[in-house]
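Here the structure comes first, spelled out in C-alpha cells, and everything after it is commentary.
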Amino acid sequence: MARGPPAGVGPEPATRVLRLAADAGALRARLACAGMTDNDQPAGPRSRVERKRNALRLLENEPDLWAATADAAGVPTLMPLTYLWDGGAVWLSTRPTNPTGANLAASGAVRLCLGTTRDVVHIEGTATAFTADALPDGVGDAFAAKGGWDPRKDPDRYDFYRVALDQLRAWGTVPELKGRLLMKDGRWLV
C-alpha cells in the first residue's frame, strides 16, 4: 500500500523541494539579467577597489562581528562581540575574565570576521588591552553610541581592546578568492 502525506498536508516533500528549487533558479536568473546575485552583489567578481569599499562600509555599519582567539594551549574561542570601527582600528569590549578577554590580554592575537558567508571580511590583528578609565578620549562614548550599550556602566568590569589590523581579506564567492588580500602588514594594497 502506497503512503502519501496525511490529508490536507499538501504535495509530497520531494515535490515541494523541486518547486522551491525552481523558484530559486528563476530568481537567480532574473537577478543575473539585472547584473546582480541573490546576495545583492554584482554578478561576477568585484574589483579589489570595490571589495575594499565594501569592507570599509561593513566595518562602519555592521552592529557585531565574530572574534576568534586562543589560549596558550591553543584552545580556540569564538564569540560575537559589539565593536567600534574608528577609521583605523577595531575596538572590542568584553570582561577580562571571559576566555576572549583573557586571550586578548595574554597574546593580543585575534581574528575578526564580519559580513555574510558570501560577503566575508576577514581580519587578522593584534589587540592592546585598556581598562575603561584608561581609554583614549571619545572611544567609550563612541562605542556606546554605536552599539547602544555602554560597557563602562555595566556592574561587571569590562575592558576594551584596540585591534590594530595586520591583514584584511575580503571576498564573496569562489571567483573572488584570487586577490582577496587587501591589506598586509597594516597597509592597504589597494
Side-chain angles (χ1 to χ4, degrees), residues 27-70 74 76-94 100-101 103-130 135-148 159-190:
L27 174 62
R28 280 191 203 92
R30 286 193 308 273
L31 290 168
C33 288
M36 300 297 289
T37 67
D38 57 353
N39 190 31
D40 200 28
Q41 289 189 10
R46 297 170 293 173
S47 73
R48 295 176 74 217
V49 170
E50 289 171 311
R51 285 187 261 168
K52 176 184 176 184
R53 186 176 325 133
N54 185 62
L56 290 170
R57 180 186 60 78
L58 289 173
L59 279 165
E60 187 69 35
N61 296 307
E62 287 290 299
D64 304 304
L65 53 67
W66 290 96
T69 62
T77 298
L78 178 65
M79 291 302 296
L81 295 174
T82 299
Y83 74 97
L84 169 69
W85 168 247
D86 72 5
V90 172
W91 288 89
L92 308 172
S93 184
T94 190
T100 300
N103 296 343
L104 288 170
S107 74
V110 63
R111 291 190 178 176
L112 309 173
C113 281
L114 60 153
T116 67
T117 57
R118 290 185 177 250
D119 190 11
V120 178
V121 176
H122 180 272
I123 297 166
E124 294 180 30
T126 305
T128 304
F130 291 81
L135 282 174
D137 289 342
V139 170
D141 291 338
F143 190 97
K146 183 198 180 241
D159 283 351
F160 288 79
Y161 304 86
R162 181 187 183 276
V163 179
L165 281 59
D166 299 324
Q167 290 190 4
L168 184 145
R169 293 174 176 84
W171 69 94
T173 56
V174 172
E176 291 188 357
L177 290 176
K178 183 178 179 181
R180 68 183 174 256
L181 183 63
L182 303 181
M183 176 187 282
K184 185 175 180 177
D185 299 325
R187 294 197 157 143
W188 289 106
L189 303 175
V190 288

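Basis for what follows: all heavy atoms, side chains included, without hydrogens, waters or symmetry-related copies.
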With a cut-off of 3.5 Å and sequence neighbours excluded, list every side-chain donor-acceptor pair involving residues 181-190.
none

Worksheet item: Where does the angle between the aromatic ring planes of His122 and Trp171 fall among parallel (under 30°), tilted (30 to 60°) and perpendicular (over 60°)?
Response: tilted
Worksheet entry | Qualifying residues under side-chain hydrogen bond (donor to acceptor under 3.5 Å, both in side chains), relative to Arg169, sequence neighbours excluded | Glu124, Gln167
Worksheet item: Should we say atom CG of Asn61 is surrounded by more than 12 heavy atoms from elsewhere, each under 6.0 Å from it?
Response: yes
Below 3.5 Å, can you tabulate the donor-acceptor pairs from side chains in residues 103-111 to any protein atom, sequence neighbours excluded?
{"from": "Asn103", "atom 1": "ND2", "to": "Thr69", "atom 2": "OG1", "distance (Å)": "2.9"}
{"from": "Asn103", "atom 1": "ND2", "to": "Pro99", "atom 2": "O", "distance (Å)": "3.1"}
{"from": "Ser107", "atom 1": "OG", "to": "Asn103", "atom 2": "O", "distance (Å)": "3.3"}
{"from": "Ser107", "atom 1": "OG", "to": "Ala109", "atom 2": "N", "distance (Å)": "3.1"}

Worksheet entry | Side-chain donor/acceptor of Arg48 to backbone N/O of Gly179, under 3.5 Å | yes
Discussion item. Within the 4.5 Å heavy-atom criterion, are Arg46 and Asp119 side-chain neighbours or not?
Written reply: yes
Residues 77-93, side-chain donor-acceptor partners within the protein, below 3.5 Å, at least two apart:
{"from": "Thr82", "atom 1": "OG1", "to": "Asp64", "atom 2": "OD1", "distance (Å)": "3.0"}
{"from": "Tyr83", "atom 1": "OH", "to": "Leu58", "atom 2": "O", "distance (Å)": "2.9"}
{"from": "Tyr83", "atom 1": "OH", "to": "Leu59", "atom 2": "O", "distance (Å)": "3.0"}
{"from": "Tyr83", "atom 1": "OH", "to": "Glu62", "atom 2": "O", "distance (Å)": "3.1"}
{"from": "Asp86", "atom 1": "OD1", "to": "Gly88", "atom 2": "N", "distance (Å)": "2.8"}
{"from": "Asp86", "atom 1": "OD1", "to": "Ala89", "atom 2": "N", "distance (Å)": "2.7"}
{"from": "Asp86", "atom 1": "OD2", "to": "Trp91", "atom 2": "NE1", "distance (Å)": "3.0"}
{"from": "Ser93", "atom 1": "OG", "to": "Asp159", "atom 2": "O", "distance (Å)": "3.0"}

Discussion item. Tell me every residue that passes ring-ring contact (aromatic ring centres under 6.0 Å, His included) with Tyr161, counting only those two or more places apart in sequence or in another chain.
Written reply: none
Worksheet item: Where is the tightest heavy-atom contact between Val120 and Thr117, given as atom of each residue plus distance?
Response: CG2-O, 3.7 Å
Worksheet item: Do the side chain of Glu176 and the main chain of Gly172 share a donor and acceptor less than 3.5 angstrom apart?
Response: yes
Worksheet item: Can a donor-acceptor pair be found between the side chains of Arg57 and Asn54 at a distance below 3.5 Å?
Response: yes
Discussion item. Between Phe130 and Thr128, is there a side-chain heavy-atom distance shorter than 4.5 Å?
Written reply: yes
Worksheet item: Sequence neighbours excluded, which residues qualify as side-chain contact (heavy atoms from CB on, under 4.5 Å) partners of Val49?
Response: Ser47, Arg53
Practice prompt. Considering non-hydrogen atoms only, spot the tightest contact between Pro175 and Pro45 and give its length.
Written response: O-CB, 3.8 Å
